[in-house]
Amino acid sequence: MGKVLMSKIKEALFSVLPVAAIVLIMSFTPLVEVNSRERMIFILSALFLVLGIGLFNLGADLAMTPMGENVGVGLTKSKKLSLLLVVCFIMGVLITVAEPDLSVLAEQVGAVINSTLLIVTVGVGVGLFLLIAILKIVFKGDLSALLIFFYLMLFAITTMLIESGNGSYLPLGFDSGGVTTGPITVPFIMALGVGVAATIGGKKSKENSFGLVALCSIGPILAVMMLALTSSGSPIYELPAESYSFGTEVSAVILHSLKAVAQALGLIVLFFFVLQFTVLKLPRKKIIQIIVGIVYTFVGLVMFLSAVEIGFMPMGFKIGQQIANSGSAVLIVFGFIIGLVVVLAEPAVHVLNNQVEEITGGAVKKRSMLIALSVGVGVSIALAMIRIVYRFSLLYYVIPGYLISLGLSFFVPKIYTAIAFDSGGVASGPLTSSFILPLAIGACEALCGVSEVMSFAFGVVALVAMTPLITIQALGFRAVVTEKVHKKLTMRRILRADDEQIINFM
């Protein structure tokens, strides 16, 4: 276990190091004014972030992934579809209500919409769409068709929201879809899909195991937009200054993180053990492994969230403010560079990449996935900074982006579409909502004023979730084109050869 833990910590170090290095380099330039105390807080936070990610990744391997997979396998083998659907709905609501990323977002918009109402609304949205995703696996439905249908519905409701005068809620709605796929949700939901698909079997079991995260990202957007339709008047944003200050008391932050993670894991673990005693009945050895994994996950997430709140959120906000004052071009370039590396520090990204390489039998390499995700997130944050500078609607990005994504789904292997839409949700994890969003808020506050933050700073999480849909499917498109070109060259070589050459070639 010790060697495995050290390996995870080493991976985490290489993940966080680029982000920390860029921030520290910027802190020594005239572009950003950071005192020695703030720099030391950030360095210590980065160290705890590394340890937290390492512990979390080990815990996910030992607990969250086996829990999801065993729930999927056990309930599918019971051949009680109604039980499977009810459990999946409840689990979808519980893991979402308990998701730390969602709590971070809800706290930052508490002055605009009731935090509890927002969290519950998003939870119900995820629960309903997890149910739809399971039905899609059971009845072997087409993911592309479902995505096209629900995104068309989404755009129709978007039009209604704009006409009602509540268009300012659009960025928050799209961001809600990104933050729900966090470090607790992703390992569980993906493993649940793998378990159900493997038990049902069939030629497309690998393809069907993906797509749950993609569908579960749509539910919150629809739910929040439906909630916004019932609201009256435009939202008035207030900056939660205490969230972006280096003066936050460490003990208070740790206690808050302990409470948030205890709620997050407690609800899931409690429901899992109810299923264990009633349906699953896993062997004792497996249960001990899961309990050990839960402890690692708990400690890792507490360290991760505490480090983010103490050092990364304040630094993100401060850098956003000061770089915005240095010029638009600098802000856009910095957004692209930080986007290239920030995805490396997302715990759920490594869970996804490992599962993708394993399930595709190495056809989709971790390295290729990571490069595609990195470029996608870099582009998305640069686009978000451009939107802050020139102040235009999020829809100018979202509508063409999703049309391109859905259009590509007709030309690439289905498994690439499923992986791409899952990757979009996974890329927008804890560091996105806790570092990139404060960065955007700081930049918007400096360039546009606090009153415009709701309209132009929010939406960055949605863009982070959207651009990997295009870049990952581009990998699939390249694979299809390469295969066709190779076949044409082979056939041309055969046709041009004489009989003896053909025999030798064959």
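Heavy-atom basis, side chains included; hydrogens, waters and symmetry copies ignored.
For residues 251-271, the side chain to side chain donor-acceptor pair (under 3.5 Å) pairs, not counting sequence neighbours, are Glu107-His256, Glu249-Ser251, Ser257-Ser306. Evaluation of the side chain to side chain donor-acceptor pair (under 3.5 Å) test over residues 272-291, restricted to residues two or more places apart or in two chains, returns none.
Taking 4.5 Å as the limit, every side-chain heavy atom of Thr96 sits out of range of all side-chain heavy atoms of Val124. Between Val179 and Glu99 the shortest side-chain heavy-atom distance does not fall below 4.5 Å. Here the side chains of Leu143 and Lys136 are in contact, with some heavy-atom distance below 4.5 Å. Leu85 places none of its side-chain heavy atoms less than 4.5 Å from the side chain of Phe89. At a threshold of 4.5 Å between non-hydrogen side-chain atoms, the residues Leu105 and Ser433 do not count as touching. By the 4.5 Å heavy-atom criterion applied to side chains, Val32 and Phe334 are not counted as neighbours. With contacts defined as side-chain heavy-atom distances shorter than 4.5 Å, the pair Leu270/Leu94 does not qualify. Using a 4.5 Å heavy-atom threshold, the side chains of Val377 and Val341 count as separate.
Remark: Ile218 CD1 to Ile132 CD1 distance equals 8.5 Å, nearest 0.5 Å. Taken from CD1 in Ile436 to CD1 in Ile441, the straight-line distance is 11.5 Å, to the nearest 0.5 Å. Between atom CZ of residue Phe48 and atom CD1 of residue Ile53 there is a gap of 14.0 Å, rounded to the nearest 0.5 Å. Taking CG from Leu62 and CG from Asn57, the interatomic distance works out to 11.0 Å, rounded to the nearest 0.5 Å. Leu51 contributes atom CG, which lies 14.0 Å from atom CZ of Phe56 (distance to the nearest 0.5 angstrom). Ile332 contributes atom CD1, which lies 4.5 Å from atom CD1 of Ile386 (distance to the nearest 0.5 angstrom).
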Start with the C-alpha gap between Met67 and Ile268, add the side-chain angles, then the distance that decides, and say whether side chain to side chain contact (heavy atoms under 4.5 Å, CB included) holds.
CA-CA 10 Å; Met67 281 170 63; Ile268 300 170; 3.7 Å; yes
Could you go through the side chain to side chain contact (heavy atoms under 4.5 Å, CB included) check for Cys216 and Ile189 one step at a time?
CA-CA 9 Å; Cys216 289; Ile189 287 182; 4.1 Å; yes
Which is it for Leu55 and Lys8 under the side chain to side chain contact (heavy atoms under 4.5 Å, CB included) test, yes or no, and what are the steps along the way?
CA-CA 7 Å; Leu55 289 168; Lys8 297 290 183 184; over 6 Å; no
Could you check Phe336 against Ile381 for side chain to side chain contact (heavy atoms under 4.5 Å, CB included), going step by step and ending with a plain yes or no?
CA-CA 6 Å; Phe336 177 74; Ile381 297 176; over 6 Å; no
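Partners of Phe272 according to the ring-ring contact (aromatic ring centres under 6.0 Å, His included) rule, which considers only residues two or more places apart in sequence or in another chain, do not exist here. By the side-chain contact (heavy atoms from CB on, under 4.5 Å) test, Val138 pairs with Leu81, Leu84, Ile134, Ile200, sequence neighbours left out. Residues passing the ring-ring contact (aromatic ring centres under 6.0 Å, His included) test with Phe129 are Phe150, sequence neighbours excluded. Take Leu258 and apply the side-chain contact (heavy atoms from CB on, under 4.5 Å) test, not counting sequence neighbours, and it matches Ile254, Leu255, Phe298, Val302. Residues meeting the ring-ring contact (aromatic ring centres under 6.0 Å, His included) test with Tyr397, sequence neighbours left out: Phe392. For Lys77, the side-chain contact (heavy atoms from CB on, under 4.5 Å) partners at least two apart in sequence or on another chain are Val73, Thr199. Under the ring-ring contact (aromatic ring centres under 6.0 Å, His included) criterion, Phe271 pairs with no residue at all, not counting sequence neighbours. Ser326 is linked by a side-chain contact (heavy atoms from CB on, under 4.5 Å) to Leu31, counting only residues two or more places apart in sequence or in another chain.
Taking every heavy atom of both residues into account, Val109 and Leu118 meet most closely at CG2-CD2, 3.9 Å. Residue Pro220 comes nearest to Val126 through the heavy atom pair CG-CG2, 3.5 Å, listed as atom of the first residue, atom of the second, then distance. Among all heavy-atom pairs drawn from Val213 and Met190, the shortest one is CG2-CG, 3.7 Å. Closest of all the heavy-atom pairs between Tyr296 and Gly59 is CB-CA, 3.8 Å. Summarising the geometry of Ile290 relative to Leu282, their closest heavy-atom pair is CD1-CD1, 4.3 Å, with the distance given to 0.1 Å. The two residues Ala12 and Val50 make their nearest non-hydrogen contact at CB-O, 3.3 Å.
In this structure, a donor-acceptor pair under 3.5 Å is present between the side chains of Gln321 and Glu445.
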Please tabulate, one pair per line, all N/O donor-acceptor pairs under 3.5 Å involving side-chain atoms of residues 37-45, not counting sequence neighbours.
| unit_1 | atom_1 | unit_2 | atom_2 | d |
| --- | --- | --- | --- | --- |
| Arg37 | NH2 | Phe246 | O | 3.3 |
| Glu38 | OE1 | Asn35 | N | 3.4 |
| Glu38 | OE1 | Lys318 | NZ | 2.6 |
| Glu38 | OE2 | Lys318 | NZ | 3.0 |
| Arg39 | NE | Ser27 | OG | 3.2 |
| Arg39 | NH2 | Ser27 | O | 3.3 |
| Arg39 | NH2 | Val34 | O | 3.2 |
| Ser45 | OG | Ile41 | O | 2.8 |
| Ser45 | OG | Gly311 | N | 3.4 |

Could you pull out all donor-acceptor pairs under 3.5 Å where a side-chain atom in residues 457-475 meets a protein atom, sequence neighbours excluded?
| unit_1 | atom_1 | unit_2 | atom_2 | d |
| --- | --- | --- | --- | --- |
| Thr467 | OG1 | Gly376 | O | 2.6 |
| Thr467 | OG1 | Leu463 | O | 3.3 |
| Thr471 | OG1 | Ala372 | O | 3.1 |
| Thr471 | OG1 | Pro468 | O | 3.3 |
| Gln473 | OE1 | Ser409 | N | 3.3 |
| Gln473 | OE1 | Thr417 | OG1 | 3.1 |
| Gln473 | NE2 | Ser405 | O | 2.8 |
| Gln473 | NE2 | Leu469 | O | 3.0 |

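Looking at Ser176, its side chain does come within 3.5 Å of a backbone N or O of Leu172 through a donor-acceptor pair. Although no hydrogens or angles enter the test, the distance criterion places no donor-acceptor pair under 3.5 Å between the side chain of Thr65 and the main chain of Asp61. Looking only at distances, a side-chain donor or acceptor of Thr297 sits under 3.5 Å from a matching main-chain atom of Gly293.
In Phe273, the CZ atom is crowded: over 12 heavy atoms of neighbouring residues, nucleotides or ligands sit closer than 6.0 Å.
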